[in-house]
Amino acid sequence: MALQFYNSLTRKKEEFTPLDPPRVGMYTCGPTVYNYAHIGNLRTFMFEDLLRRYLNYRGYVVRHVMNLTDVEDKIIRTCRETGESRESLTARYTQAFFEDLDALGIERAEAYPAATDHINDIVAAIKRLLEKGHAYEIDGSVYFRLSSFPDYGKLSHFDIAKLQSGASGRVDHDEYETDDVRDFALWKAYDEDDGDVYWETELGKGRPGWHIECSCMSMKYLGESFDIHCGGIDNLFPHHENEIAQSEAATGKPFVRYWLHSAHLLVENKKMSKSAGNFYTLRDLLKMGHDPLAIRWVLLATHYRQPSNFTFEALAAAGRSLQRIRDFRIRLSEVRQPDGDDLRDACETCETRFREALDDDLNISAALASVFEFIRQVNVQLDQFAVGRGGAERALALLDRLNAVTGVFAPPIAEEAPREVLDRVAARTEARRNRDFALADAIRDELAESGWLIEDTPDGPRVKRTD
RNA sequence: GGCGGCAUAGCCAAAUGGUAAGGCAGAGGCCUGCAAAGCCUUGUAUUCCCGGUUCGAUUCCGGGUGCCGCCUCCA
């Protein structure tokens, strides 16, 4: 079966064929850097990470671009309220964003263009739309003329004529004095409330609208037509619909071939909100002492188009699943015997099932299941001393490849037990040899207290760090 | 009002027109001096409810209930 993705544009699964294989251009809507990302945001970034990693695994050469929105209404409002400069605020939260990515093991994109570094490009793009009659200026602001783009609505499948403007109650109509209330801003004329956030350009004094930066920067870095565009489902309309309108009106070419959208994250089966007390940033969870890799697991393990339910019970379960994987790797690394099963068949079966699952629109749950079945099967053989060194190494190499895709099959962080711990372990071994089990158990308890777990194996005691 | 998604065992979560993966937790067992790890067995899962199509539906269709998303700047 070929690699296929569900394309929001057609609402169907489609075989993935890049424009210029093996190269793949991929644009993902990034954060607005005015506060910390919450775990719902991070779920989307996690899905995009899986996508880029899997494309790499499949042999594609991925160019992934993620924008940083560093000028926008909420940023300006925050600056006005706190007195902090836009530059300082966005620099701070940009850094925090990258710290979060690192904590979760999310791979870096090839480029992170910031809107304010592309004001000239944005102005040029808007001028192009003005020249082509797709935009108009009123009182120093420039708006996109929806009526000039008949395809509007093809992504969201909204009937433009039936769009009830302001049905969400979030729009103050008085703010708009456009030809048509559905027209959206490309350039916003300066307003006193904007403080010192403005640029003097050919379009006048003002700042870019939100949607135009993504059209502008995605095409600048990936070309006027490119392969994949991702984001959270809530960005499908209007943001992505507007991107299509701006881009295709300007170029006359198809903008994006595959649109992939991730579903939202619920927390304890409820919408995450500060007032409900179930709103978490990554930092909140880390502060509570949770393992970032377990958080990665929880955010990753549900299919990206399914609403996912984040619970602390699931987080704890994820941690134990990871421990099972780490223990399995330890057992494999301890195999010394030269002869035995080479695990060729088991590894091939596992990897084939893993790949077939992810080929099917990134079915991560089925992919993970194939690995757990492999682990159980090989554990049986390890119990019987049936695996040879070559087989163990083959299995470890497989886990490394699967880890490159998922980031959850990494080896445990090796921590050498200090001298005094090893001395106590030796003392316990001696006590056991003398059948002084009371002493042996006391030593084991004492070591457990200090965070070192002893497991007796046929080859002697194994010492593991527990926290 | 329009458009869309979801509802599977205690929890997380796949799949399928022929009575349902995987993980975690629980129970019993093997192993162990005892443990841990591992393995085996174990949850008759009324697959939200009510209809319909079908030899057969959890899977398709209709209705209902509940939750969630979008409807101009929220991943």
Side-chain angles (χ1 to χ4, degrees), chain A residues 8 11 28-32 37-48 69 72-74 146 153 156-159 162-171 175-176 178 181-185 188 209-211 230-239 241-242 261-266 269-271 297-298 301-303 305-325 327-328 330-331 357 360 363-373 375-376 379-380 382-384 432 435-438 440-441 444-445 448 453-457 461-462 464:
Chain A
S8 300
R11 293 185 172 171
T28 60
C29 286
T32 300
H38 59 66
I39 56 176
N41 299 321
L42 292 167
R43 182 199 185 189
T44 293
F45 301 141
M46 188 66 68
F47 140 64
E48 292 158 353
T69 298
E72 179 264 359
D73 290 1
K74 293 191 296 292
L146 242 65
S156 56
H157 299 92
F158 283 160
D159 181 346
K162 289 184 185 163
L163 271 185
Q164 283 186 29
S165 187
S168 66
R170 293 205 315 242
V171 183
E175 285 180 4
Y176 288 84
T178 52
V181 287
R182 299 166 307 190
D183 290 349
F184 57 90
K188 297 186 168 190
W210 175 44
H211 310 294
C230 304
I233 186 72
D234 54 329
N235 267 341
L236 190 143
F237 188 89
H239 183 53
E241 194 71 63
N242 290 355
H261 292 96
S262 59
H264 278 200
L265 182 76
L266 302 176
N269 256 316
K270 276 186 283 194
K271 180 181 170 176
W297 184 287
V298 172
T302 303
H303 182 81
R305 285 192 288 114
Q306 296 294 323
S308 175
N309 186 24
F310 181 94
T311 67
F312 286 96
E313 199 173 341
L315 186 57
R320 286 185 288 263
S321 295
L322 287 166
Q323 191 56 50
R324 178 170 164 82
I325 291 160
D327 285 347
F328 178 61
I330 289 170
R331 290 189 81 185
D360 183 13
N363 185 340
I364 185 68
S365 306
L368 294 176
S370 80
V371 182
F372 278 107
E373 279 169 18
I375 289 173
R376 179 167 44 77
N379 267 326
V380 170
L382 288 168
D383 282 350
Q384 298 163 349
R432 290 184 73 216
R435 303 195 68 76
D436 184 353
F437 295 119
D441 291 352
R444 184 171 61 196
D445 291 347
L453 179 70
I454 299 181
E455 297 177 349
D456 294 315
T457 77
R462 172 194 294 149
K464 289 201 306 205

Output yes when at least one side-chain N/O atom of A:T311 is less than 4.0 Å from OP1 or OP2 of B:C11, else no. no

Think A:S308 has a side-chain N or O under 4.0 angstrom from the OP1 or OP2 of B:A13? yes

Determine the interatomic distance between C1' on B:C34 and the same-named atom on B:C67; round to the nearest Å. 49 Å

Inter- and intrachain pairs under side-chain hydrogen bond (donor to acceptor under 3.5 Å, both in side chains), touching residues 311-321 of chain A, at least two apart: none

Represent RNA chain B in dot-bracket notation, 5' to 3'. Only Watson-Crick or G-U wobble pairs with both distances under 3.5 Å count; pseudoknot-style crossings use [ ] and interstrand partners use |. (((((((..(((.........))).(((((.......))))).....(((((.......))))))))))))....

Look at the side chain of A:R444 against the base of B:A35 and say whether a donor-acceptor pair falls under 3.5 Å; ignore hydrogens and angles. yes

If the cut-off is 4.0 Å, is A:N363 near the phosphate of B:A15, judged by side-chain N/O to OP1 or OP2? yes

Got a list of protein N/O to nucleotides 39-42 of chain B N/O distances below 3.5 Å?
unit_1 : atom_1 : unit_2 : atom_2 : d
B:C39  : OP1    : A:R324 : NH2    : 3.1
B:C39  : OP2    : A:R324 : NH1    : 3.2
B:C39  : O4'    : A:D383 : OD2    : 3.2

Between the base of B:G33 and the side chain of A:D441, is there any donor-acceptor pair under 3.5 Å? yes

I'd like to know if A:N269 reaches the base of B:C6 with its side chain, counting only an N/O donor and acceptor under 3.5 Å. no

Applying side-chain contact (heavy atoms from CB on, under 4.5 Å) to A:T44 and not counting sequence neighbours gives A:E48, A:S262

Base B:A75 paired with A:T44 side chain (donor-acceptor, <3.5 Å): yes

Which atom pair, heavy atoms only, marks the closest approach of A:V298 to A:L315? CG2-CA, 3.7 Å

Establish, with yes or no, whether the OP1 or OP2 oxygen of B:A36 is under 4.0 angstrom from a side-chain nitrogen or oxygen of A:K464. no

Among B:A14, B:A75, B:A35, which nucleotide has an atom closest to any side-chain atom of A:N235? B:A75

So if I take every side-chain heavy atom of A:Q306 and compare against B:A14, B:G69, B:C12, which nucleotide ends up nearest? B:A14

Ring-base stacking, A:H303 with B:A13 (5.5 Å, 30° cut-offs): no

Give a yes/no on whether any side-chain N or O of A:K271 is located under 4.0 angstrom from OP1 or OP2 of B:G69. yes

Give the nucleotide from the list B:C71, B:C24, B:C67 with an atom nearest to the side chain of A:F237. B:C71

What nucleotide among B:C70, B:G4, B:G22 has an atom nearest to a side-chain atom of A:F158? B:C70

Under the side-chain contact (heavy atoms from CB on, under 4.5 Å) rule, collect the residues that match up with A:A440, sequence neighbours excluded. A:R428, A:A431, A:R432

Which listed nucleotide (B:C12, B:G38, B:G33) is nearest to the side chain of A:R432? B:G33

For nucleotides 25-31 of chain B, tabulate all protein N/O to nucleotide N/O atom pairs closer than 3.5 Å, reporting atom names and distance.
unit_1 : atom_1 : unit_2 : atom_2 : d
B:A25  : OP1    : A:R320 : NE     : 3.4

